[in-house]
Amino acid sequence: MTSSSIGASARVVLDVEIPACTPWSAIISKGQTLRIIDSHGQQAVDTLFYRADDTRERYSGQDTLRAQGSAYVGTGTRIISNEGRTMLCVTADSCGLHDTSAGACSCESNTVRFGHGTKYLHACRENFLIEGAKHGLSKRDLVPNLNFFMNVPINPSGNVTVVDGVSKPGDFVEMVAEMDVLCLISNCPQVNNPCNGFFPTPVQVMIFETKAD
């Protein structure tokens, strides 16, 4: 298990619980640390990042994977924007398996994958739209997202499948912001595949900053 990168001199700026199935957002200032805690285990946390003062610059999964040469996000990953700049750096990770290929569930994808009876179930894309609207974002601003704690193996043919998560209660991931970023989270409400153990649960989010000497 990776130890937290937050030292004894750190000051807690924000400490909140995101209820099951709901969205959340906040600004993480440059130099602050974002910590996402999977409180109950096996809970996917769909996440998007935007440059706080110009949301046209936003997270790029393709550039992030290309820069690190790995299909998954973990300790040492530089989270890269569509402008090729580092938005955040992953400094600690007790889970070691975070997806950025499978995207977010939506009412449309639920219908295709699980049948018309699931069309009206809430989904991450709708969460992103609800929360993003508070910051002037719309459908055209939604891009392929990070899925913290979601287990998505890639087989030799390149196909991906969402399977049982490996995160345990209390597992966490920490990122230090390299610029002021807007963070959007959908605490995934999916109940038709095992990304949430078929039972969505709350997660905890903390923002820290190091005290000045």
Please answer whether the main-chain N or O of Pro19 pairs with a side-chain N or O of Asn187 as donor and acceptor at a distance below 3.5 Å.
yes
What's the shortest heavy-atom distance between Thr100 and Gly61, and which atoms?
OG1-CA, 4.0 Å
Given 3.5 Å as the limit, does a donor-acceptor pair link the side chain of Asp63 with the main chain of Ser60, or not?
no
Under the side-chain hydrogen bond (donor to acceptor under 3.5 Å, both in side chains) test, which residues partner Asn196, sequence neighbours left out?
Gln43
Cys183 vs Trp24 side-chain heavy atoms within contact, under 4.5 Å:
yes
Applying salt bridge (charged side-chain N to carboxylate O under 4.0 Å, His left out), name anything that partners Arg56, two or more places apart in sequence or on another chain.
Asp54
Only pairs at least two apart or in different chains count here, so list each ring-ring contact (aromatic ring centres under 6.0 Å, His included) that has a residue in residues 141-171.
His98-Phe148, His98-Phe149
Asp180 meets the salt bridge (charged side-chain N to carboxylate O under 4.0 Å, His left out) criterion, sequence neighbours left out, with none
Side-chain donor-acceptor contact under 3.5 Å, Ser167 with Asp38:
yes
Report yes or no: does Ser138 contribute a side-chain atom to a donor-acceptor pair with the main-chain N or O of Gly136 at less than 3.5 Å?
no
Would you give me the side-chain donor-acceptor pairs under 3.5 Å for residues 83-90, sequence neighbours excluded?
| unit_1 | atom_1 | unit_2 | atom_2 | d |
| --- | --- | --- | --- | --- |
| Arg85 | NE | Glu57 | OE2 | 3.1 |
| Arg85 | NH2 | Glu57 | OE1 | 3.0 |
| Thr86 | OG1 | Arg78 | NH1 | 3.0 |

Between Ala92 and Thr75, what is the shortest heavy-atom contact and its length?
C-OG1, 3.8 Å
Following the transitive rule for hydrophobic clusters with a side-chain heavy-atom cut-off under 4.5 Å over Ile, Leu, Val, Met, Phe, Trp and Tyr, establish whether Ile207 and Ile185 coincide in one cluster.
yes
For Phe199, does the CZ atom have more than 12 heavy-atom neighbours from other residues, nucleotides or ligands under 6.0 Å away?
no
Decide whether Tyr72 and Val166 are clustered together by the hydrophobic rule: side chain heavy atoms of Ile, Leu, Val, Met, Phe, Trp, Tyr closer than 4.5 Å, transitively.
yes
Scanning both residues in full, the closest heavy-atom pair of Cys188 with Pro200 reads O-CB, 3.7 Å
Which hydrophobic side chains are connected to Phe128, either touching it within the sub-4.5 Å cutoff or through other members that do?
Ile27, Leu48, Tyr50, Leu129, Leu137, Leu142, Val143, Leu182, Leu184
Expected output: side-chain Thr77 to main-chain Ile79 donor-acceptor under 3.5 Å:
no
Ring pair (Phe, Tyr, Trp, His ring centres under 6.0 Å) with Tyr59: which residues, sequence neighbours excluded?
none
Quick one: salt bridge (charged side-chain N to carboxylate O under 4.0 Å, His left out) partners of Asp53, sequence neighbours excluded?
Arg51
Of all residues at least two apart in sequence or in a different chain, which pass the side-chain hydrogen bond (donor to acceptor under 3.5 Å, both in side chains) check with Glu131?
Ser25, Lys134
Determine whether Ile36 and Met175 satisfy the following criterion, side-chain contact (heavy atoms from CB on, under 4.5 Å), listing intermediate values before the conclusion.
CA-CA 9 Å; Ile36 304 173; Met175 294 150 277; 4.0 Å; yes
Between Val45 and Phe172, is there a shared hydrophobic cluster once you connect ILVMFWY residues whose side-chain heavy atoms come closer than 4.5 Å?
no
Show the nearest heavy-atom pair for residues Met150 and Gly103, with the distance to one decimal.
CE-O, 4.5 Å
State whether a side-chain donor-acceptor pair under 3.5 Å links Asp171 with Ser94.
yes
How long is the straight-line distance from CD1 of Ile18 back to OG1 of Thr201, given to the nearest 0.5 Å?
11.5 Å
Tell me whether Asn82 contacts the main-chain N or O of Arg58 through its side chain, where contact means a donor paired with an acceptor under 3.5 Å.
yes
For Glu17 and Gln204, test the side chains for any donor-to-acceptor distance below 3.5 angstrom and give the result as yes or no.
no
Got a sec, which residues hit salt bridge (charged side-chain N to carboxylate O under 4.0 Å, His left out) with Lys30, two or more places apart in sequence or on another chain?
none
Does Glu178 have any side-chain hydrogen bond (donor to acceptor under 3.5 Å, both in side chains) partners at least two apart in sequence or in another chain, and if so, which?
none
Criterion side-chain contact (heavy atoms from CB on, under 4.5 Å) on Gln42 and Lys168, from CA distance to verdict:
CA-CA 7 Å; Gln42 292 189 317; Lys168 304 176 298 300; over 6 Å; no
By side-chain hydrogen bond (donor to acceptor under 3.5 Å, both in side chains), Asn145 pairs with (sequence neighbours left out) Asp46, Asn147
